Protein chains: 2
Amino acid sequence: MADENPQCTEQKIKEAARKVFMEKGFDGTTTRDIAEVAGINQALTNYYFRSKEKLFRLIFEDVHREFFQQIYAIMAQPIDLRDKLPLLVEAHFSLFAANPDLPLFLLSELRRHPDLLTPPSKDRPVFFFLRQMQQAIDEGQIRPVPPLHVLQLLMANIQFLHLSRPITMEIAAFDQAAHEEFTRRHKDIVIDMLMSYLFTF
Amino acid sequence: MADENPQCTEQKIKEAARKVFMEKGFDGTTTRDIAEVAGINQALTNYYFRSKEKLFRLIFEDVHREFFQQIYAIMAQPIDLRDKLPLLVEAHFSLFAANPDLPLFLLSELRRHPDLLTPPSKDRPVFFFLRQMQQAIDEGQIRPVPPLHVLQLLMANIQFLHLSRPITMEIAAFDQAAHEEFTRRHKDIVIDMLMSYLFTF
DNA sequence: AAAAAAATTAATCACTTGATTAAAACATCT
DNA sequence: AGATGTTTTAATCAAGTGATTAATTTTTTT
């Protein structure tokens, strides 16, 4: 039961590092924490990854890619906005259901280390998506809200639910299951609100 | 120019601590950082506040109170929802304009140290606000969206703009001023969307 | 099986951390 | 001025940090 996945050491370290980094952040994590979770000697983190920072950057890029790749895949699809927007919301929610601390991890580490951002954010799918919205506006299909603001509305309503989970659970006295139910219900409300606002005017 | 505010040492430390903690978080901050910003000897942080953790809790409670007090004051007012909701959004936006990293600071530190939450969150104004919304639903004044979900929508659209500022600035190639303009514009859109969705159905 | 290479370990290094201490500087009071 | 208490400082401590090393074990190659 200890090592259910008899993978190679390098992979064990990466998985442990991902877990610990996402939980405690870069500053709150020690290489000894990671070694303990991975069940290996502390020196091995340096043996395989040179330094704590190199390991962190690797993990961060993985997580970052994993996050944006799914979203970008949908953004880039040549389908109608009326279908695409709900798809985007659904995709985010299922992604976050599997990785609840992903948003807070990305946002706080990006703030601490802004240089982590540059390479992946130059990707084009966002801009394709923004252009598609501008076109829909020009054609009178959706309400004339500048695309960047629509993107902001989208992301806010998708991500904040997970960011504020600790507070919501406290205020509403939710347990894990109750919050998951709350999340499912909220997803439909978000879709309903966004679609109503954009397509009915 | 060095010490423009010739206040007492204790206050200088508190202000420096607040600045550094909000910027780097608890784990990323050293007492020497704080001492340097405050322009005092490192030993004084312990002389006045016993320990780094005690100082942090003090700062956190200050910030936390400052945040909720303004919001709660509005939530508790006996005015119509049609006026209250825009008021809440406006208040948040002006609060965050003055303290841009407040939301991320609160959310990330709360996640790392969940015990920071308990005392202040038991406050009643939220529940008063939630009851008021339930009543408005019963009277058919607003769309029947469970109040807790409305609260979530409200907070999401208010706070996320600030949480995602680094990413937005990068994607949109905004400078400081451009993002402030974006923020002002977004505030109106958020009010418009929420009011449309809740009051038109 | 022997030799060579790779992986793993325990021990340790240099440094930073929060915290403490003892002495010095400063202020207050008689 | 002199005594007393408070504030500030430099020096230091023990613990924890990322990283390195040299020895050991394991694996691979010959």
Side-chain angles (χ1 to χ4, degrees), chain A residues 1-63 105 108-109 112-113 115-116, chain B residues 1-63 105 108-109 112-113 115-116:
Chain A
M1 193 103 281
D3 54 314
E4 53 200 28
N5 241 353
Q7 65 238 320
C8 66
T9 305
E10 189 171 335
Q11 199 58 25
K12 278 201 291 185
I13 296 177
K14 275 184 76 171
E15 287 180 16
R18 176 177 168 133
K19 183 173 152 67
V20 181
F21 277 139
M22 287 193 65
E23 205 170 295
K24 306 188 179 185
F26 179 80
D27 291 327
T29 298
T30 72
T31 54
R32 285 167 177 84
D33 285 340
I34 296 173
E36 190 182 1
V37 172
I40 50 98
N41 187 285
Q42 179 253 339
L44 286 182
T45 61
N46 288 318
Y47 180 77
Y48 282 100
F49 300 96
R50 298 278 307 168
S51 74
K52 176 189 172 187
E53 190 182 332
K54 285 215 169 60
L55 174 54
F56 176 77
R57 297 188 92 89
L58 207 72
I59 300 294
F60 184 88
E61 275 165 32
D62 270 12
V63 173
F105 171 73
S108 30
E109 296 302 328
R112 283 284 284 143
H113 317 278
D115 58 303
L116 289 170
Chain B
M1 193 101 284
D3 53 315
E4 54 200 30
N5 242 352
Q7 64 237 321
C8 67
T9 306
E10 189 172 334
Q11 199 58 26
K12 276 202 292 186
I13 297 177
K14 275 184 75 169
E15 287 181 16
R18 175 177 168 133
K19 183 173 151 67
V20 181
F21 276 139
M22 288 193 64
E23 205 169 296
K24 306 188 179 184
F26 179 80
D27 291 327
T29 298
T30 72
T31 55
R32 285 166 177 84
D33 286 340
I34 296 173
E36 190 183 0
V37 171
I40 49 97
N41 188 287
Q42 179 252 339
L44 287 182
T45 61
N46 288 319
Y47 178 77
Y48 281 101
F49 299 97
R50 299 276 307 168
S51 75
K52 176 188 173 188
E53 190 182 332
K54 287 215 170 58
L55 174 55
F56 177 77
R57 298 187 93 89
L58 207 72
I59 299 293
F60 183 88
E61 276 165 32
D62 271 10
V63 173
F105 172 73
S108 31
E109 295 303 329
R112 282 282 286 142
H113 317 279
D115 57 304
L116 289 169

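Per chain, numbering begins at 1; letters A, B, ... match sequence-line order. Not measured: the values here are computed from a predicted model.
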If I take atom [atom1] in residue [X] and atom [atom2] in nucleotide [N], what distance separates them, rounded to the nearest angstrom?
| X | N | atom1 | atom2 | result |
| --- | --- | --- | --- | --- |
| B:Gln11 | D:dT7 | CD | P | 15 Å |
| B:Glu36 | D:dT9 | CD | C1' | 17 Å |
| B:Phe49 | C:dG18 | CZ | P | 15 Å |
| B:Phe21 | C:dG18 | CZ | C1' | 11 Å |
| B:Leu55 | C:dA19 | CG | C1' | 14 Å |
| B:Asp27 | C:dT16 | CG | C1' | 15 Å |
| B:Asp33 | C:dT17 | CG | C1' | 11 Å |
| B:Leu44 | C:dA19 | CG | C1' | 13 Å |

Are A:Asp27 and B:Lys24 close enough for a salt bridge, meaning some N to O gap below 4.0 Å?
no
Carboxylate-amine/guanidinium proximity below 4.0 Å for B:Glu61 and B:Arg57:
no
When you measure from the side chain of [X], which nucleotide among [options] comes out closest?
| X | options | result |
| --- | --- | --- |
| A:Thr31 | D:dG18, D:dT20, D:dA10 | D:dG18 |
| A:Tyr47 | C:dA19, C:dA7, D:dT7 | C:dA7 |
| A:Ser51 | C:dT17, D:dA10, D:dA19 | D:dA19 |
| B:Thr30 | C:dG18, D:dA19, C:dT20 | C:dG18 |

Enter the distance from A:Ile13:CD1 to A:Glu10:CD here, rounded to the nearest 0.5 Å.
7.5 Å
Does A:Lys54 count as lying over the ring of A:Tyr48, i.e. NZ or CZ under 6.0 Å from the six-ring centre, within 45 degrees of the axis?
no
Judged by each residue's nearest nucleotide on DNA chain C, which is more toward the 5′ side, B:Asn41 or A:Gln42?
A:Gln42
On DNA chain D, nearest-nucleotide positions of B:Glu10 versus B:Arg32: which is more 5'?
B:Glu10
Which is true for A:Tyr48 with a 4.0 Å heavy-atom rule: it touches a base, it touches only sugar-phosphate, or it touches nothing?
sugar-phosphate
Taking only N and O in the side chain of B:Asn46, is any of them less than 4.0 Å away from OP1 or OP2 of C:dA19?
yes
Exam field: side chain A:Lys52 to backbone A:Phe26, donor-acceptor pair closer than 3.5 Å
yes
